[in-house]
Asks: 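This structure is in structure tokens; I'll ask about it shortly.
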Number of protein chains: 2
Amino acid sequence: MQRSERLAEIVEIVRDGRLHLARDIAEALEVSVRTIYRDIDTLVANGVPIDGERGVGYLLREPVFLPPMSLSLVELEALSLGMAIVQEVADEELQSAASGVIAKVGEHASNRRNAPKSWGFGLYEFERAREGLSHMPLLRRAIREGLKLRIDYLSLDEQSSKRTIRPLQTDYWGKVWTLSAWCELRRGFRAFRIDRIQMCEPTGSSFQPEAGKTIEDYLRHVAEQMDREKDSS
Amino acid sequence: MQRSERLAEIVEIVRDGRLHLARDIAEALEVSVRTIYRDIDTLVANGVPIDGERGVGYLLREPVFLPPMSLSLVELEALSLGMAIVQEVADEELQSAASGVIAKVGEHASNRRNAPKSWGFGLYEFERAREGLSHMPLLRRAIREGLKLRIDYLSLDEQSSKRTIRPLQTDYWGKVWTLSAWCELRRGFRAFRIDRIQMCEPTGSSFQPEAGKTIEDYLRHVAEQMDREKDSS
DNA sequence: AGTCCAACTGCCATTATTTGTCAGTTGAGT
DNA sequence: ACTCAACTGACAAATAATGGCAGTTGGACT
């Protein structure tokens, strides 16, 4: 195996976010431990965020993927259009993440002869979508980590309520963002407009995916409902 | 210089889309021609789309960028959200490009512990935006390459007209796509709704960026107009 | 058909890099 | 004080990369 291949392999191994010992990696790749130390050195020198702690092991600081990959010109356009839309449409966290992507990709894509971006877009349709998105980073974290949330919700007919929910998915509808969740108060799936969520905080307890209460169940439920509507019309 | 560095350098050099001779590359990187042949071999073996033609030189088949880069988890989400939106919102060419990006990125991002996508989105708001986008690939090509187009346009008040235009930029407005262009008929900037373009074909002649007729001029013009509106309100 | 060009190939001696071994040191936790 | 595992330096052995050379090949042009 080539050295460069091995470096990629090491990243693959470490990328699962668990702790790894140089000894184990060495064994897996059939090289000596010393070589692994050297390899990790060069990886770190090349910007891969691996943390080594003496007496502990190696850990990847943040989830990365770093495949050298090639995008076609159209794919590049799709990418930058998408990031531009996200910048307009989503909350600040995602927005700056999108900037990050553009920066990382653009840096390398820029020195082409002619790569004028072929699009732009109007802003006013999006302004509404940006309102009241301050909860989104927390919502995303809750979805990722399975945290139950307590929310104060003001429904469209101005009814206020407090609920404990299991956040499943945020949805973008062109004008507004909603949160699909399992509502423990109503014992059913509910979609909440994010701009109508008055307050939102972790309850401290978390949840596991549970049959009948997962996002897949919800999507199936919605699909069935749409079918019924079609039948009756 | 390390071999791996040199390989990256070669890609950088070849990426300008022009023709390159192994001799020149060798000189630039201060290695022998033989080495360059070997390097190109390994690049091709690694999937870099370099075409070598005997008696001619090397050419990069499609514009690529291939930096090994690392994205944070949020950046990954921004990326996939953006691509999902593009898939809903844009024409088939961009749509499949977006799929391509997702495939390339997702492949490497998948074996994380927990990376459920935290969002999805409703479709009905976007359906309108997808109508009548069959011209878009041609429009993008015209913008990139500076091709004049002849179009049949049906304005919103049902007035039909034929024009020769210099396409400058496509714009996404949340519900519809428009094309900003310099109209040679009206001698001014015009925005056309793409779903109202009945027919569209290259005239065969092309145009160079010309002072007063570029996209930057148009954007400045629009910005000034908006300022005036603010003043008068 | 012949000629030119530059990509390509195979071979081999030379040079550079990578590797393993070994004998340490360091820092954190127990 | 002890253990663990990351780290470091040195050196010889193994491996890979390189340059030079003498070809071959395919396309384009005359």
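So that the names make sense, note that chain A is the first sequence line, chain B the second, and so on, each numbered from 1. Predicted model, so just to flag it, every value in this text is computed and none were measured.
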Asks: Under 4.0 Å between any heavy atoms, over every strand shown, what does B:Val31 touch: base, sugar-phosphate, or nothing? Just pick one.
Replies: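 B:Val31: backbone/sugar contact only, no base atoms under 4.0 Å.
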Asks: Check this one for me: any side-chain N or O of A:Arg38 less than 4.0 Å away from OP1 or OP2 of C:dG20?
Replies: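 Looking at the OP1 and OP2 atoms of C:dG20, neither is under 4.0 Å from any side-chain N or O of A:Arg38.
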Asks: So B:Tyr218 and B:Phe189, would you call those rings parallel, tilted or perpendicular, with 30° and 60° as cut-offs?
Replies: tilted
Asks: Rounded to whole Å, please give me the gap between CG in A:Leu21 and P in C:dA28.
Replies: 18 Å
Asks: Taking only the side-chain heavy atoms of A:Asp39 (C-beta and beyond), determine which of C:dT19, D:dG20, D:dT18 contains the nearest atom.
Replies: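 Nucleotide nearest to A:Asp39's side chain: C:dT19.
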Asks: To the nearest angstrom, how far is A:Asp24 atom CG from D:dA5 atom P?
Replies: 9 Å
Asks: Less than 3.5 Å between a donor and an acceptor, one on the side chain of A:Arg54 and one on the base of C:dT26, is that the case here?
Replies: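 Yes.
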Asks: Measure the distance from CG on B:Leu19 to P on D:dA28 and round it to the nearest whole Å.
Replies: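 Roughly 13 Å, once rounded to whole Å.
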Asks: Map B:His20 and A:Ser32 onto DNA chain C by nearest heavy atom, then report which one ends up closer to the 5' terminus.
Replies: B:His20
Asks: For the side chain of B:Asp41, starting at C-beta, report the closest nucleotide among C:dT9, D:dA6, C:dC8.
Replies: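 Looking only at side-chain atoms, B:Asp41 lies closest to C:dT9.
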Asks: Could you point out which residue of B:Arg166, B:Lys213, B:Arg190 forms a salt bridge (charged side-chain N to carboxylate O under 4.0 Å, His left out) with B:Glu184?
Replies: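 Only one option passes, and that is B:Arg166.
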Asks: Is there a donor and acceptor pair, one atom on the side chain of B:Arg34 and one on the base of D:dT18, closer than 3.5 Å?
Replies: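 Donor-acceptor pair under 3.5 Å: no.
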Asks: Compare side-chain N and O positions of B:Tyr37 against OP1 and OP2 of C:dA7 and report whether any pair is under 4.0 Å apart.
Replies: yes
Asks: Side chain of B:Gln2 only, please: which of C:dT17, C:dA28, D:dT18 is the nearest?
Replies: C:dT17
Asks: Between A:Arg150 and A:Lys162, is the side-chain contact (heavy atoms from CB on, under 4.5 Å) condition met? List the steps.
Replies: CA-CA 7 Å; A:Arg150 194 186 347 264; A:Lys162 288 178 192 298; 5.7 Å; no
Asks: Calculate the interatomic distance between A:Ile40 atom CD1 and D:dC7 atom P; express it in whole Å.
Replies: 8 Å
Asks: Taking CG from B:Leu59 and P from C:dC8, how many angstroms apart are they, rounded to a whole number?
Replies: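 It is 12 Å, rounded to the nearest whole Å.
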Asks: Side-chain N or O of B:Thr35 less than 4.0 angstrom from OP1 or OP2 on D:dG19?
Replies: yes
Asks: Closest approach to the side chain of A:Tyr58, judged atom by atom: which nucleotide of C:dC8, C:dT18, D:dA6 is it?
Replies: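 Of the options given, the side chain of A:Tyr58 lies nearest D:dA6.
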Asks: Indicate whether any N or O donor in one side chain lies under 3.5 Å from an N or O acceptor in the other, for A:Arg34 and A:Ser32.
Replies: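 A:Ser32 and A:Arg34 do not have a side-chain donor-acceptor pair below 3.5 Å.
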Asks: Between C:dT17 atom P and B:Met1 atom CE, what is the distance in whole Å?
Replies: 12 Å
Asks: Would you name the heavy atoms of B:Val86 and A:Ala78 that are closest together and state the gap between them?
Replies: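 For B:Val86 versus A:Ala78, the nearest heavy atoms are CG2-O, 3.7 Å.
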Asks: Once you round it to whole Å, what is the distance between P of C:dG20 and CG of A:Leu29?
Replies: 11 Å
Asks: With a 4.0 Å cutoff (strictly under), does any side-chain N or O of A:Arg23 reach OP1 or OP2 of D:dA6?
Replies: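 Answer is no, no contact under 4.0 Å.
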Asks: Round to a whole Å and report the spacing from CZ of A:Arg3 to P of D:dA14.
Replies: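 Taking atom P of D:dA14 as the reference, CZ of A:Arg3 is at 20 Å.
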